[in-house]
Engineer: 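Structure in structure tokens, see below.
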Amino acid sequence: MNDLLAPTRLAAPAAAPPSRLEEAAALLDLPFADLLFRAQTVHREHFDPNEVQFATLLSIKTGGCPEDCGYCPQSVRHDTGVVDEPLMQVDAVLDAARAAKASGATRFCMGAAWRGPKDRDIARVAELVSAVKSLGMETCATLGMLREGQAETLRDAGLDYYNHNLDTAPEFYGEIISTRTYQDRLDTLDRVRNAGLAVCCGGIVGMGESRRQRAGLLAQLASLDPQPESVPINALVRVEGTPLASEADLDPLEFVRMVAAARILMPRSAVRLSAGRQALGDAGQALCFLAGANSIFYGEKLLTTGNPEAEADRALLERLGIHARAGTA
Ligand code: SAM
Ligand code: DTB
Ligand code: SF4
């Protein structure tokens, strides 16, 4: 291709329209009851308000990641005590997926601590995806940045969703990560979408960002076209040894506000209560469901850190009269 015709690589990320940013900022600033009422109203227009989806995570390749994401216990640059594990074998992954299915999960999400997979990694993950898919579960993978063609290989193996988070607002991003750009992330999301995979994309709250910067993340997510099918909202899990280990406590009500604004701005997306659920407590989680969260990571472990016990989740949902969504795969 002639250089003049080549797509311009943007120095700055494609900005969300200013109106979206103002809309998100205004939502986050609403009186709490007004925000929750609006979120619950939108939620009821699109979903059964008493239904939640269960997704179980498995770290299929752990630790030793060359990236410098300031929140992450798996970066080789942070001394967190995470033990490196190579890519898991098919049988072990299948055992974990069968156990997740037996305990009620309908989606199985495989995470790898890579900057991005090599083509030989993709071939091996494709085998894992086909095996999990054959159990009748929805499949999801989060493997880092993808190169041309890799998303297609995963799709052909039976992958339904690819998770790749924007993590935070473009203007705060550089405080947290220096080894990949915001635009790199948007490029991977484009590849995933162009391959016909469903997109799972969200971010993290509680890394020291301002409320306005949280609005910036929401504006970016809501401006993805089409909007992501799944939006994981994580509260930072502060892991000893990471640069964000001593970050200040996040006000749980700010987290609830984020969930509510995500629900309003992305009315048809599954909004997932993701990392940090343990710190929210039962009442905090109940408010998140009221605010329109309708998916959780389910099972006692996220990737390397803890998550509520499945039994405790089932008990909480029963107290709230919430039932699990049946599988669609
Ligand atoms: N290495 C791949 C990547 O970064 O794209 C995939 C795995 S990575 C662990 C997936 C996501 O987990 C990150 O984008 C981030 O949003 C989330 N995450 C990681 N550590 C976290 C923490 N301590 N607290 C909350 N979320 C975290
Ligand atoms: C997402 O948004 N959160 C999940 C999943 N997608 C891959 C990961 C959370 C990781 C929390 C830290 C850990 O357990 O290592
Ligand atoms: Fe690596 Fe992903 Fe952790 Fe960043 S978030 S250090 S890319 S495993």
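Just so you know, ligand 1 is whichever comes first in the structure, and atom 1 is the first atom listed for that ligand.
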Engineer: Under 4.0 Å from ligand 2, counting heavy atoms only, is it the side chain of V239, its backbone, both or neither?
Structural biologist: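 V239 to ligand 2: no contact under 4.0 Å from either part.
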
Engineer: Under 4.0 Å from atom 8 (S) of ligand 1, is there any protein heavy atom?
Structural biologist: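 No, there is none.
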
Engineer: Just checking, any donor-acceptor pair under 3.5 angstrom between side chains of Y298 and R314?
Structural biologist: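 Indeed, the side chains of Y298 and R314 share at least one donor-acceptor pair under 3.5 Å.
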
Engineer: Indicate whether atom 6 (S) of ligand 3 is within a distance of less than 4.0 angstrom of some protein heavy atom.
Structural biologist: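 There is a protein heavy atom less than 4.0 Å from atom 6 (S) of ligand 3.
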
Engineer: More than 12 heavy atoms of other residues, nucleotides or ligands under 6.0 Å from CD of Q89: is that the case?
Structural biologist: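 Count not over threshold, so no.
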
Engineer: Yes or no: does N165 have any heavy atom under 4.0 Å from an atom of ligand 2?
Structural biologist: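 The answer is yes, since N165 has a heavy atom less than 4.0 Å from ligand 2.
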
Engineer: Could you list which atoms of ligand 2 come closer than 4.0 Å to a heavy atom of L302?
Structural biologist: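 Result: 14 (O).
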
Engineer: Strictly by modelled atom types, are Q150 and D119 linked by a side-chain donor-acceptor pair under 3.5 Å?
Structural biologist: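 The answer is yes; a qualifying pair exists.
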
Engineer: Hey, looking at atom 24 (N) of ligand 1, which of L303, N163, V237, V239 has the closest heavy atom?
Structural biologist: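 Nearest heavy atom to atom 24 (N) of ligand 1 lies in V237.
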
Engineer: Select one of side chain, backbone, both or neither to describe which atoms of A235 lie under 4.0 Å from any atom of ligand 1, heavy atoms only.
Structural biologist: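 Backbone only.
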
Engineer: Regarding R20 and E23, does a basic nitrogen lie under 4.0 Å from an acidic carboxylate oxygen?
Structural biologist: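 Salt bridge flag = yes for E23 with R20.
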
Engineer: Against heavy atoms of C72, which atoms of ligand 3 measure under 4.0 Å?
Structural biologist: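 Those of ligand 3 that fall under 4.0 Å from C72 are 3 (Fe), 5 (S), 6 (S), 8 (S).
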
Engineer: Under a 4.0 angstrom heavy-atom cut-off, which atoms of ligand 1 come close to G144?
Structural biologist: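 Once the distances to G144 are compared, the set is 2 (C), 3 (C), 5 (O).
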
Engineer: Report the part of V237 in contact with ligand 2, treating N, CA, C, O as backbone and CB onward as side chain, heavy atoms under 4.0 Å; options are side chain, backbone, both, neither.
Structural biologist: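 No part of V237 is near ligand 2 at this cut-off.
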
Engineer: Short list, please: which atoms of ligand 2 are under 4.0 Å from a heavy atom of N163?
Structural biologist: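 Selected atoms, number and element: 6 (N), 7 (C).
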
Engineer: Identify whether the distance between the nearest side-chain nitrogen and carboxylate oxygen of R98 and D95 falls below 4.0 Å.
Structural biologist: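 Looking at R98 and D95, the cut-off is met.
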
Engineer: To the nearest 0.5 Å, what is the distance between CG (L128) and OG1 (T139)?
Structural biologist: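 Rounded to the nearest 0.5 Å, the CG-OG1 separation comes to 11.0 Å.
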
Engineer: Could you tell me the separation between the CG atom of D282 and the CZ atom of R277, rounded to the nearest 0.5 Å?
Structural biologist: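 Going from the CG atom of D282 to the CZ atom of R277 covers 10.0 Å.
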
Engineer: Would you kindly specify which portion of M207 sits under 4.0 Å from ligand 1, judged on non-hydrogen atoms: side chain, backbone, both or neither?
Structural biologist: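 Looking at M207 and ligand 1, no heavy atom falls under 4.0 Å.
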
Engineer: Considering only heavy atoms, does P73 approach ligand 2 within less than 4.0 Å through its side chain, its backbone, both, or neither?
Structural biologist: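 Near ligand 2, P73 shows its side chain, while the N, CA, C and O stay back.
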
Engineer: Under 4.0 angstrom from ligand 2, any heavy atom of Y71?
Structural biologist: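 False for this residue.
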
Engineer: Could you tell me, atom by atom, which parts of ligand 2 come under 4.0 Å of a heavy atom of L57?
Structural biologist: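 So the atoms of ligand 2 that pass are 4 (C), 5 (C), 7 (C).
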
Engineer: Side chain, backbone, both or neither: which part of A112 has a heavy atom under 4.0 Å from ligand 1?
Structural biologist: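 Contact part for A112 vs ligand 1: backbone (N, CA, C, O).
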
Engineer: Counting each atom of ligand 2 from 1 as listed, which ones have a heavy atom of P232 under 4.0 Å away?
Structural biologist: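 With P232 as reference, the close atoms of ligand 2 come out as 2 (O).
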
Engineer: Where's the contact between T142 and ligand 2, heavy-atom distance under 4.0 Å: side chain, backbone, both or neither?
Structural biologist: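 Under 4.0 Å from ligand 2, T142 contributes side-chain atoms alone.
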
Engineer: Below 4.0 Å from ligand 1: does a non-hydrogen atom of K61 turn up there or not?
Structural biologist: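 K61: no contact with ligand 1 (<4.0 Å).
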
Engineer: For ligand 2 and S274, I'd like to know whether there is a polar contact (N/O to N/O, distance under 3.5 Å).
Structural biologist: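 No; every N/O pair is 3.5 Å or more apart.
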
Engineer: Considering the heavy atoms of A113, write down every atom of ligand 3 situated less than 4.0 Å from one of them.
Structural biologist: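 Here the atoms of ligand 3 in question are 8 (S).
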
Engineer: Quick check: does C69 put an N/O/S atom under 2.8 Å from atom 4 (Fe) of ligand 3?
Structural biologist: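 Checking C69: at least one N, O or S atom is under 2.8 Å.
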
Engineer: Heavy-atom contacts under 4.0 Å between T304 and ligand 2: side chain, backbone, both, or neither?
Structural biologist: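 Both backbone and side chain.
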
Engineer: Which is closest to atom 15 (C) of ligand 1 in terms of heavy atoms, L236, L166, D167?
Structural biologist: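 The nearest heavy atom belongs to D167.
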
Engineer: Against the six-membered ring of F32, is R257 placed for a cation-pi contact (under 6.0 Å from the centre, within 45° of the normal)?
Structural biologist: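 No, R257 and F32 do not form such a contact.
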
Engineer: Out of all atoms in ligand 1, which are within 4.0 Å of some heavy atom of W114? Include the element for each.
Structural biologist: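 Going through ligand 1 atom by atom, the ones under 4.0 Å from W114 are 1 (N), 2 (C).
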
Engineer: Suppose I only count heavy atoms of R180 and a 4.0 Å limit; which atoms of ligand 3 are within that range?
Structural biologist: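 Contacts of ligand 3 toward R180, numbered from 1: 7 (S).
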
Engineer: Below 4.0 angstrom from a heavy atom of H164, which ligand 1 atoms are there? Numbered from 1 as shown, please.
Structural biologist: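 What qualifies from ligand 1 is 5 (O).
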
Engineer: What are the atoms of ligand 1, with element, lying closer than 4.0 Å to any heavy atom of T142?
Structural biologist: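 Ligand 1 atoms under the 4.0 Å threshold to T142: 6 (C), 7 (C).
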
